[in-house]
Amino acid sequence: MTVYGSFPGARPRRLRTTPAMRRMVAETRLHPADLILPAFVREGVSEPVPIQAMPGVVQHTRDTLRKAAVEAVEAGVSGIMLFGVPEEAKKDAAGTAGTDPDGILQVAIRDVRAEVGDDLVVMSDLCLDEYTDHGHCGVLDADGRVDNDATLERYAEMAQVQADAGVHVVGPSGMMDGQVGVIRHALDTIGKEDVSILAYTAKYASAFYGPFREAVGSSLRGDRKTYQQDAANARESLRELALDVDEGADMVMVKPAGPYLDILAKVADAVDVPVAAYQISGEYAMIEAAAEKGWIDRDAAILESLTGIRRAGAQMILTYWATEVARRLRG
């Protein structure tokens with residue numbers, strides 16, 4: 001073999017020599033503004049309730065939720081996604097607590113807006129599962145299946161009461177056919193044209209949602225496979241994406257994030273609206289559990305997981321580490 005000059009001639013490692021060099025040539029950067037904090041607020045509690053399956057995450061009281069919102073603003077986080085946890089006695093088959101103007105989620109929206117105004121993008125989960133006694137994301141028909149079109153009527157009502165409470169963005173997460181179009185019409189009808197829709201475009205029926213069930217006090221019986229997407233399917237996500245954008249989605253999301261980076265990349269390549277990804281409860285819990293065992297470096301694993309999501313194409317990341325990571329990024 002003839003060697004001309006030194007070998008090897010190509011030395012990519014030159015760009016990895018020091019932390020400063022690696023930082024300078026980094027292709028993907030995390031910024032606090034990329035992050036959105038999901039937060040749970042529970043009705044009727046006087047102290048935050050720890051979520052056992054999600055160490056470090058709690059069901060907030062109204063007061064501690066306001067404090068968490070202020071901390072997120074101070075850290076540079078862009079948004080907060082609110083989930084309401086009603087008292088068990090208020091759940092019913094139609095999820096009426098979800099459309100009660102004085103329901104816990106609507107109260108929480110007003111609380112956070114009063115506390116931080118427009119300094120934080122206030123988002124709300126628009127779904128019935130927290131409020132139904134059967135735990136499904138919609139109303140059931142006589143055969144016990146989720147009735148798509150009847151559920152859309154409930155979503156329209158939810159959108160309107162959340163908008164009246166002052167939310168900036170609604171996040172319909174139920175995966176009902178036509179939900180974005182119905183919600184957009186419902187908002188426009190009451191003069192809430194400025195309220196945005198973050199469509200849960202590709203939401204998969206995932207095994208990684210387990211800890212979230214505890215977080216929202218889920219009453220789910222059965223599963224959600226008749227409306228959430230099958231993990232085996234990719235092209236289906238692009239069909240859902242085209243429908244959501246056509247119906248008026250302002251932003252779109254892939255959920256979960258980590259196990260579906262290929263889907264996230266396809267979605268990001270296909271649209272010109274902002275793309276979000278949700279690093280869900282199971283993703284959070286696995287890192288926390290492995291770190292607690294001493295099996296991984298917690299802080300490094302958190303940043304690596306978020307960088308991977310950002311690299312795959314997410315402009316916004318919903319993560320339970322949002323405030324912590326934002327503080328770290330700001331130094």
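What you see is a predicted model; the values in this text were computed from it and never measured.
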Next item on the list: Return the set of residues passing ring pair (Phe, Tyr, Trp, His ring centres under 6.0 Å) with Tyr131 (not counting sequence neighbours), or none when no residue passes.
Entry: none

Note to self: Restricting to ring pair (Phe, Tyr, Trp, His ring centres under 6.0 Å), what partner residues turn up for Tyr204, sequence neighbours left out?
What the structure shows: Tyr260

Checklist line | Pairs touching residues 180-204 that satisfy salt bridge (Lys or Arg N to Asp or Glu O under 4.0 Å), sequence neighbours left out | finding: Arg184-Asp188, Arg184-Asp250

Checklist line | Pairs touching residues 271-283 that satisfy salt bridge (Lys or Arg N to Asp or Glu O under 4.0 Å), sequence neighbours left out | finding: none

Next item on the list: Give the other cluster members for Met175, using side-chain heavy-atom distances under 4.5 Å between Ile, Leu, Val, Met, Phe, Trp and Tyr residues; answer none if it is isolated.
Entry: none

Validation: residues 15-22 side-chain donor-acceptor distances under 3.5 Å, sequence neighbours left out:
unit_1	atom_1	unit_2	atom_2	d
Thr17	OG1	Arg14	O	3.4
Thr18	OG1	Met21	N	3.0
Arg22	NH1	Arg16	O	2.7

Residues which pass side-chain contact (heavy atoms from CB on, under 4.5 Å) with [X], listed by chain and number, not counting sequence neighbours:
X: Asp269; result: none
X: Ser206; result: Phe208, Tyr209, Pro256, Ile280
X: Ala114; result: none
X: Ala33; result: His31, Ser78

Validation: residues 35-50 side-chain donor-acceptor distances under 3.5 Å, sequence neighbours left out:
unit_1	atom_1	unit_2	atom_2	d
Arg42	NH1	Gln59	OE1	2.8
Glu43	OE1	Glu87	N	3.1
Glu43	OE2	Lys90	NZ	2.6

Report all side-chain donor-acceptor pairs from residues 324-331 shorter than 3.5 Å, counting only partners two or more places apart or in another chain.
unit_1	atom_1	unit_2	atom_2	d
Glu324	OE1	Arg298	NH2	2.9
Glu324	OE2	Arg298	NH1	2.8
Glu324	OE2	Arg298	NH2	3.4
Glu324	OE2	Arg328	NH2	3.2
Arg328	NH1	Asp299	O	3.1
Arg330	NH1	Glu74	O	2.9
Arg330	NH1	Ala75	O	3.2

